[in-house]
Amino acid sequence: MIHKYKQLGLNIVMDVYSGAVHVVDDVMYDMLDYINEPFQVSETCPYEVVKPLKNKYGYDEIEESYKEICGLYENGQLFTDDCYKDIAQNWNKQSVVKALCLHVAHDCNLRCKYCFADTGEFHGGRSLMSSETGKKAIDFVIANSGNRHNIEIDYFGGEPLMNFEVVKEITEYAKEQGKLHNKNFRFTITTNGILLNDEIKSYINENMSNVVLSIDGTKETNDRMRYRVDGSGSYDTIVPKFQDLAESRNQDNYYVRGTFTAHNVDFAKDVIHLADLGFKQTSVEPVVAPETEDYALTSKHIDTVLKEYDKLTEEYVKRYGEGKGFNFFHFMVDLDQGPCAVKRLSGCGAGHEYLAVTPEGDIYPCHQFVGNTDFKMGNVYDGTIDNEIKTHFERSNVYTKEKCKSCFAKFYCSGGCSANAFNFNGDINKPYELACEFEKKRLECSIAIEAHKKLSK
Ligand code: SF4
Ligand code: SF4
């Protein structure tokens with residue numbers, strides 16, 4: 001399977017199964033429209049391929065391009081067979097738990113309009129995790145992580161800084177237990193920044209391998225959606241704190257993360273604004289919300305959003321060329337190595353490798369499922385998890401999803417977000433269409449950026 005498109009003035013051809021990416025000339029780019037799979041090498045370019053091209057290109061060019069295509073095919077870089085199908089058919093994944101998302105606070109000091117966490121309540125009452133529950137969660141992950149050495153703990157909310165003493169207690173306990181059980185814990189915290197101070201910053205810098213800082217972009221964009229109980233915006237409070245934290249981490253191992261909505265479909269300007277504030281690690285993602293919300297993105301926004309990704313791509317390479325580059329999380333793609341086959345097929349691991357734990361110790365497939373009791377998998381106090389739910393998630397991969405089978409993005413996207421699929425289509429194996437459109441575009445942009453960088457070296 002191949003996928004071809006034009007971006008940044010380049011003709012790009014992806015060979016889906018080998019992962020090879022080619023930047024080709026116009027003759028080859030056009031020729032590929034007339035070659036069907038499975039490809040068969042012939043001595044000279046077949047007449048049905050020559051015919052539609054002969055008025056535009058000379059014979060020699062056509063023959064030369066055809067020979068190049070044959071060469072790439074013979075080298076396993078074009079029209080390659082699906083080598084992943086067998087892995088998927090014999091899929092018998094026996095996973096261990098590698099990561100926990102600890103909801104240390106189902107409470108928040110902001111009232112963001114789009115909050116999927118129901119402004120920190122997750123549709124239950126407001127509550128904070130006790131250190132006892134947090135420690136039980138650490139015991140749980142140690143007991144369920146098999147021989148795995150590295151374990152990730154994400155402190156999440158609501159707003160985790162509202163329960164920071166407990167965050168510290170859990171962290172110290174995990175480090176202590178890690179030594180006893182030969183586990184290396186790595187911590188990440190996601191915060192809205194309101195409560196950040198020097199003491200918290202120092203602790204985070206000493207202990208957290210990553211920090212996610214929530215901000216949506218310009219003051220206007222941010223404060224329209226991210227405000228306090230009294231309606232006042234958060235931008236002026238958080239920007240200096242985030243800038244300070246990012247600098248104190250040498251502009252690495254953090255990212256500022258925002259959400260764009262129907263109110264700022266022109267979100268490229270928000271990403272650029274974050275870069276202009278000095279942030280080198282950025283991420284801005286489309287909101288996921290029911291169409292009934294005034295800020296929801298719907299199919300009528302697709303064209304504009306795709307054009308915004310184009311705009312961002314242009315600016316991204318321009319800044320990179322001027323030595324003022326920054327990273328945009330969704331444009332980061334590794335064309336040389338990429339993740340292993342299993343990861344490419346099954347994605348984030350929600351429900352089996354990655355689990356979320358509520359303040360009460362209840363276990364869910366991921367933070368997005370928290371509060372949907374049909375997906376409650378157990379509790380850290382009894383230490384067991386529902387194997388039926390676990391297996392359901394474990395079995396899910398790009399080959400169990402009809403829509404993904406024919407999608408060129410499948411080995412980068414890995415089948416999309418299970419929670420979005422369930423919430424929009426009632427089935428974790430039926431991807432959420434709008435997210436697919438954006439995902440495919442982002443992949444095209446990121447591959448074009450990498451190709452552009454390589455060519456300009
Ligand atoms: S900061 Fe996060 S948890 Fe709090 S209201 Fe905003 S989106 Fe929800
Ligand atoms: S973009 Fe959509 S269809 Fe394509 S692999 Fe991802 S989830 Fe599947």
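The shown structure was predicted, so the numbers you read here are calculated from the model rather than taken from an experiment. Each ligand, and each atom within it, is numbered from 1 in the order the structure gives.
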Mark yes or no: Lys453 above the aromatic ring of Tyr320, with NZ or CZ under 6.0 Å from the six-membered ring centre and no more than 45 degrees from the axis.
yes
Which atoms from ligand 1 have a heavy atom of Asn192 less than 4.0 Å away?
1 (S)
Pick one of side chain, backbone, both or neither for how Glu159 approaches ligand 1, counting any non-hydrogen atom pair under 4.0 Å.
neither
Distance under 4.0 Å to a non-hydrogen atom of Gly158: what atoms of ligand 1 satisfy this?
3 (S)
Just checking Asn425: does its CG atom have more than 12 heavy atoms from other residues, nucleotides or ligands closer to it than 6.0 angstrom?
yes
What pair of heavy atoms forms the shortest contact from Asn264 to Asp270, and how long is it?
ND2-OD2, 2.9 Å
Close-contact set for ligand 1 against Cys108 heavy atoms, below 4.0 Å:
1 (S), 3 (S), 4 (Fe), 5 (S)
Contact with ligand 1 for Gly157, non-hydrogen, under 4.0 angstrom:
no
What lies under 2.8 Å from atom 6 (Fe) of ligand 2, restricted to protein N/O/S atoms, is Cys413 SG
Closest non-hydrogen atoms of Cys404 and Lys410, given as atom of the first, atom of the second and distance, are O-CD, 3.3 Å
So that I can tick it off, tell me whether Lys311 and Glu314 are bridged by a salt bridge, with the cut-off set at under 4.0 angstrom between side-chain N and carboxylate O.
no
Show, in sequence, the C-alpha distance, side-chain angles and deciding distance for Phe393 and Phe369, and conclude whether the ring pair (Phe, Tyr, Trp, His ring centres under 6.0 Å) test is met.
CA-CA 12 Å; Phe393 279 87; Phe369 284 99; 5.5 Å; yes
How about Phe79 and Ile2: do any of their side-chain heavy atoms sit closer than 4.5 Å?
yes
Is the terminal nitrogen or CZ of Lys441 (NZ for Lys, CZ for Arg) located under 6.0 angstrom from the six-membered ring centre of Tyr309 and within 45° of that ring's axis?
no
Pair Tyr381 + Phe140: ring centers closer than 6.0 Å
no
Proximal ligand 1 atoms for Leu110, defined as those under 4.0 Å from one of its heavy atoms:
5 (S)
Under 2.8 Å: N/O/S of Cys115 next to atom 8 (Fe) of ligand 1:
yes
Indicate, as side chain, backbone, both or neither, the part of Cys112 found under 4.0 angstrom from ligand 1 when only non-hydrogen atoms are considered.
both
Between Arg257 and Thr190, is the side chain to side chain donor-acceptor pair (under 3.5 Å) condition met? List the steps.
CA-CA 9 Å; Arg257 184 195 172 283; Thr190 298; over 6 Å; no
